[in-house]
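Proteins get letters first, then strands, A, B, ... in listed order; numbering begins at 1 in each. Predicted model only: the values in this text are computed from it and were never measured.
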There are 2 protein chains.
Amino acid sequence: MAKFYKEYDKHLVALDCIIFGFDEGELKLLLLKRKFEPAKGEWSLMGGFLKSDESLDEGARRVLHQLTGLSDIYMEQLHVFGELNRDPGERTISIAFYALIKVDENDRKLAETHGAHWVSVNQIPQLIFDHNQMVDKALRTLRSRTERKPIGFELLPEKFTLPQLQSLYEAINQEQLDKRNFRKRILETGLLEKLDEKEKGASKKGAYYYMFNKEKYLMYAEMGFHFQMKVKKSPLIKITT
Amino acid sequence: MAKFYKEYDKHLVALDCIIFGFDEGELKLLLLKRKFEPAKGEWSLMGGFLKSDESLDEGARRVLHQLTGLSDIYMEQLHVFGELNRDPGERTISIAFYALIKVDENDRKLAETHGAHWVSVNQIPQLIFDHNQMVDKALRTLRSRTERKPIGFELLPEKFTLPQLQSLYEAINQEQLDKRNFRKRILETGLLEKLDEKEKGASKKGAYYYMFNKEKYLMYAEMGFHFQMKVKKSPLIKITT
DNA sequence: ACAAAAGTGTTGTGCGTACACCCATGC
DNA sequence: GCATGGGTGTACGCACAACACTTTTGT
């Protein structure tokens, strides 16, 4: 290929992945102890450097696969971070991606063998560089996503119950929702298909399993959507002195 | 600075700017005939390459200033485009920014002396590489921005009339709005301050000037906002065969 | 029989939309 | 005096929030 741009600076381009998973009723993040200098041993996002022969998406997927063994997951570009000294090692531009995955037993093992850990988003430790800022931005993006796109397909197993779906929404948005309103709203979208089978782990009565209607899900994911639920107002508690 | 990452590939990083302006009741885009190979002479966005000693924002501002003489304008990161062959000259990653500016006489001249042209968003020509895709994404982002953030401060002169503001919203969203509803909604946000002065160019009666309340504007720009207006339904026209 | 979670409907209200006429002025 | 754009109020409907009791079943 002819080189037209010889005279311009070239840069290291990092790809950092913010991986969300939903497990045990909590929204979690996949973190890693960094294995190389600088900042070796500190908590970090999954990251790697872009290669010349791969597109951004390909690169992000490769990085994720190398570090966790995971593949075929939903990822989206979040933001580019490019402050001059964000990485003390060398001037590096980082393209942050966020990903949503269903955490199953298999993934849990895979992640562990790679030295990765699932951490609740309520207990994020200090991360290297500007990674905390990235996580913060990803969380806010994920939240505003719930209002415009259906969510869950990427974070829940194929079959799930309405209480599980509700608790996913609650975990993402850090708020309590009214059961009746939630069920009514989510059902009338037509996104869900009720199965004839109950989940019996969480209660004696058992909750019906549902699945997403894949076509509708994809349609809404493309066209957008409107799902807004306000906080369930908790009764005011007066603190008596 | 110590080099920790010697072994990794480095990349050209372009900064491309999608500049929106509002002029003569239309939403316009600032375009340029490219002055160097490859694709010399074709229509292009404002673009340049990132230098090692500048942050992304600084770089984008520098590029814009070099090409148009404009400075001090509102810019926001849009997306990174990184397909392998997006630039036939060489593998280049492009970070796209979008900017909103008030077009005044001064800017119009500045732009012209730099060979830039204001083009209505309804008449965007074929652009080089993936620049049309960038414009498309920027437009959609700008539209969804109007629903969550106040807009106008960056695109209108300091004093403006309500009909002007409305026509800005209409130009961005390509839809007609109901005058009464628009005025009611926008006024009750408290963002606007009515002046005692009328604009007399557009009509005999004249329309009152307004200004943004800067503090409220910044507050809403930060915290978000909710401004959604549906299309004014135009009466159905039956086409008789 | 009781504890624990699942499931189920109705009502009120605030927001958003639709809609038509008068006003001020320049020509 | 008329044409042109600016300015104003109300009524209706719907979507959303609030809210409490019954059902199932494992122990």
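Counting only heavy atoms from C-beta outward, the side chains of H117(A) and W43(A) approach each other to under 4.5 Å. A heavy-atom distance below 4.5 Å is not found between the side chains of V119(B) and L30(B). Counting heavy atoms from C-beta outward, E154(B) and Y217(B) have side chains that approach closer than 4.5 Å.
Atoms CZ (R185(A)) and P (dC14(D)) sit 16 Å apart, rounded to a whole Å. Between L162(B) atom CG and dG5(D) atom P there is a gap of 17 Å when expressed in whole angstrom units. Atom CD in E188(B) sits roughly 9 Å away from atom C1' in dC15(C) (whole-Å rounding). Atom NE2 in H226(A) sits roughly 14 Å away from atom P in dC15(C) (whole-Å rounding). Between the C1' atom of dA18(C) and the CG atom of L177(B) lies a distance of 14 Å, rounded to the nearest Å. Separating the CD atom of Q176(A) from the P atom of dA5(C) is a distance of 13 Å, rounded to the nearest angstrom. In this structure, L195(B) places its CG atom 12 Å from P of dG7(D), rounding to the nearest Å. Computed from coordinates, the E147(A) CD to dC16(D) C1' distance equals 14 Å when rounded to whole Å.
Aromatic rings of F81(A) and F129(A) (six-membered ring for Trp) have centroids beyond the 6.0 Å cut-off, not under it. Centroid-to-centroid, the aromatic rings of F153(A) and Y74(A) stay 6.0 Å apart or farther. Ring pair Y169(B)/F182(B): centre-to-centre distance below 6.0 Å.
A salt bridge is absent between E158(B) and K102(B); no separation between the charged side-chain nitrogens and carboxylate oxygens falls under 4.0 Å. Look at E147(A) and R143(A) and you find no salt bridge, because none of the NZ, NE, NH1 or NH2 atoms lies under 4.0 Å from a carboxylate O. Classification of D136(B) and R140(B) as a salt-bridged pair holds, one side-chain N sitting under 4.0 Å from a carboxylate O.
Near-neighbour residues of DNA chain C inside residues 197-204 of chain A, defined by a heavy atom below 4.0 Å, number-ordered: A202(A), S203(A).
For a distance-only test at 3.5 Å, the side chain of K205(A) qualifies as a donor-acceptor partner of the base of dA6(C).
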Between the protein and nucleotides 8-14 of chain C, list every N/O to N/O distance that falls short of 3.5 Å.
residue: dT10(C); atom: O4; partner: K184(A); partner atom: NZ; Å: 3.4

